[in-house]
Every structure is written in structure tokens, then in C-alpha cells.
Amino acid sequence: MNIIPTHLADHSTVQKFFNAHWGSPQMVVSTGVYDCSELDGFAALQDNGEIAGLITFVIHKGECEIVSLDSVIENQGIGSALLEQVEAFAAQHGCALIRLITTNDNLRALRFYQKRGYQIVKVFPNAVEKARQIKPSIPLFSADGIPIRDELMLVKQLMSV
């Protein structure tokens, strides 16, 4: 596994990755509308050059926001390795904290981030309804039947470097 900055990855491969996993590179959350294929990030590449995982983020006013994190191969440490890359990058760039938004149905993400020191600090009730006005392809229910309605903000304070 080789982790590289996304700007060094093939742009069309990154776009195809987002199309396959999110329906498009567009991410709509309470903090904004993002084209994930244009954001800073890191990609975990398999030996054959295929993307095994990808994380994107933005840095603004001393805060880093993770916009997306996907791992194609679960439970192999890919997501953790990508998250550590972003945390180190954010610390090196003077960020005091890292935040992210996920939806109420994303129990895997909530478990993953909380195990790594992230804390739920805010709930945005019915925020996904607003996001669907911009991106109607957001499903109404998760694969296991949970209504997708709310966004949750998680935050991790970074140690000073």
C-alpha cells in the first residue's frame, strides 16, 4: 500500500472513484458544497495502482475539515492510515482542530471516528433534506433501513506541534 497526495494521482481515476462510491464527486454538507475530486487529500494505492482508499479535506482559518473518507477494503487499516496522514498534515499546517460531518445513519463512521478521539459536538436536525435540494440522489434510507435525516459534527483537538 502506497499513500500519495491526491494531486499526484490520476485525476480521472479520482473522479471515477467518487462516481463509483458517491454517485458523483459532489459532496453536500452543512458547511458547503464541495467537488471532492478538486480537494486536497491522500489516496491509498494498491500495488496495481487502483485506489484502495481516499480522504479529502479543506483547511480554513486554522481548522481542517475532512470532507470525505472512503476505504474500499475494510478492516485493513487503510482508513486509519489516511486519517493519520490528514491529522499530521493539519498539525504541520497549524490547525488547532479537525472536524467532519457525517449523517445519523453512518454508524460505522461514528464508531470509527469516536474510537480515534473524535467527539460529537453538534447535531444539525433535518440537514440532509436541505442537501437533497442540491443533490437529489442522496438516498432517503441507509442500506439497513435507517432514515437519513440529520448531520452530526465530530471534532478532534490537535496537539500543538
Side-chain angles (χ1 to χ4, degrees), residues 1 3 6 9-46 48 50-60 63-87 90 97-157:
M1 196 67 49
I3 297 179
T6 51
D10 178 62
H11 188 69
S12 67
T13 302
V14 171
Q15 282 189 312
K16 286 177 190 171
F17 182 88
F18 284 114
N19 288 335
H21 294 279
W22 292 99
S24 81
Q26 184 183 52
M27 183 72 65
V28 181
V29 292
S30 297
T31 57
V33 179
Y34 302 96
D35 180 342
C36 291
S37 69
E38 299 293 331
L39 298 179
D40 287 329
F42 294 97
L45 303 179
Q46 299 180 59
N48 64 3
E50 296 223 6
I51 297 175
L54 202 147
I55 190 167
T56 62
F57 61 92
V58 293
I59 293 179
H60 183 69
E63 295 183 0
C64 177
E65 179 176 358
I66 295 171
V67 178
S68 71
L69 172 57
D70 294 287
S71 178
V72 175
I73 308 164
E74 298 289 328
N75 301 313
Q76 297 295 312
I78 295 168
S80 297
L82 290 168
L83 184 60
E84 288 169 10
Q85 283 283 106
V86 170
E87 289 176 352
L97 63 84
I98 297 185
R99 69 175 181 209
L100 63 102
I101 291 188
T102 191
T103 50
N104 63 286
D105 67 299
N106 198 342
L107 304 179
R108 274 190 107 129
L110 290 168
R111 189 177 311 111
F112 173 84
Y113 287 113
Q114 289 180 85
K115 283 171 124 177
R116 287 153 184 85
Y118 289 76
Q119 182 178 14
I120 298 169
V121 297
K122 199 168 193 179
V123 176
F124 302 95
N126 299 311
V128 181
E129 283 181 35
K130 295 173 192 158
R132 280 192 193 98
Q133 293 172 2
I134 299 168
K135 188 177 179 181
S137 61
I138 298 171
L140 295 171
F141 295 90
S142 69
D144 51 354
I146 298 173
I148 304 171
R149 289 189 276 248
D150 311 315
E151 291 181 345
L152 293 88
M153 180 181 287
L154 289 86
V155 168
K156 181 177 182 178
Q157 298 293 325

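As the structure is a computational prediction, the values presented were derived from the model and not from experiment.
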For a 4.5 angstrom cut-off between non-hydrogen side-chain atoms, does [X] reach [Y]?
{"X": "Thr56", "Y": "Phe42", "result": "no"}
{"X": "Leu100", "Y": "Lys156", "result": "no"}
{"X": "Ile59", "Y": "Asp40", "result": "no"}
{"X": "His11", "Y": "Glu38", "result": "yes"}
{"X": "Tyr118", "Y": "Ile98", "result": "yes"}
{"X": "Phe57", "Y": "Val67", "result": "no"}
{"X": "Phe17", "Y": "Val72", "result": "yes"}
{"X": "Ile73", "Y": "Gln46", "result": "yes"}

Rounded to the nearest 0.5 Å, how far does [atom2] of [Y] lie from [atom1] of [X]?
{"X": "Ile78", "Y": "Leu83", "atom1": "CD1", "atom2": "CG", "result": "13.5 Å"}
{"X": "Ile138", "Y": "Gln133", "atom1": "CD1", "atom2": "CD", "result": "10.5 Å"}
{"X": "Ile120", "Y": "Met153", "atom1": "CD1", "atom2": "CE", "result": "12.0 Å"}
{"X": "Asp150", "Y": "Thr103", "atom1": "CG", "atom2": "OG1", "result": "9.0 Å"}
{"X": "Leu152", "Y": "Phe124", "atom1": "CG", "atom2": "CZ", "result": "9.0 Å"}
{"X": "Leu97", "Y": "Cys64", "atom1": "CG", "atom2": "SG", "result": "9.0 Å"}

Gln114, CD atom: more than 12 neighbouring heavy atoms under 6.0 Å: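 Yes.
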For the side chain of [X] and the backbone of [Y], is there at least one donor-acceptor N/O pair under 3.5 Å apart?
{"X": "Thr6", "Y": "Gly41", "answer": "yes"}
{"X": "Lys135", "Y": "Gln26", "answer": "yes"}
{"X": "Thr102", "Y": "Asn106", "answer": "no"}
{"X": "Asn104", "Y": "Arg149", "answer": "yes"}

Between [X] and [Y], which heavy-atom pair has the shortest distance, and what is it?
{"X": "Pro125", "Y": "Val123", "value": "CD-O, 3.2 Å"}
{"X": "Asp105", "Y": "Ser142", "value": "OD2-CB, 3.3 Å"}
{"X": "Asn19", "Y": "Ser24", "value": "OD1-CA, 3.2 Å"}
{"X": "Ser30", "Y": "Ile101", "value": "CB-CD1, 4.1 Å"}
{"X": "Ile51", "Y": "Gly53", "value": "CG2-O, 3.3 Å"}
{"X": "Phe18", "Y": "Ser68", "value": "CE2-OG, 3.6 Å"}

Chi angles and distances behind the salt bridge (charged side-chain N to carboxylate O under 4.0 Å, His left out) call for Glu151, Lys122: CA-CA 8 Å; Glu151 291 181 345; Lys122 199 168 193 179; over 6 Å; no
Worked verdict on Arg132 versus Ile148 for side chain to side chain contact (heavy atoms under 4.5 Å, CB included): CA-CA 11 Å; Arg132 280 192 193 98; Ile148 304 171; 3.8 Å; yes
Derivation of the side chain to side chain contact (heavy atoms under 4.5 Å, CB included) call for Val121 and Leu154: CA-CA 6 Å; Val121 297; Leu154 289 86; over 6 Å; no
Salt bridge flag under 4.0 Å for residues Glu87 and Arg116: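 So Glu87 does not pair with Arg116 through a salt bridge.
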Presence of salt bridge, Arg99 and Glu63, under 4.0 angstrom: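 The answer is yes: the pair qualifies as a salt bridge.
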Working for side chain to side chain contact (heavy atoms under 4.5 Å, CB included), residues Met1 and Gln76: CA-CA 11 Å; Met1 196 67 49; Gln76 297 295 312; over 6 Å; no
Stepwise side chain to side chain contact (heavy atoms under 4.5 Å, CB included) test for Val14 and Asp10: CA-CA 6 Å; Val14 171; Asp10 178 62; over 6 Å; no
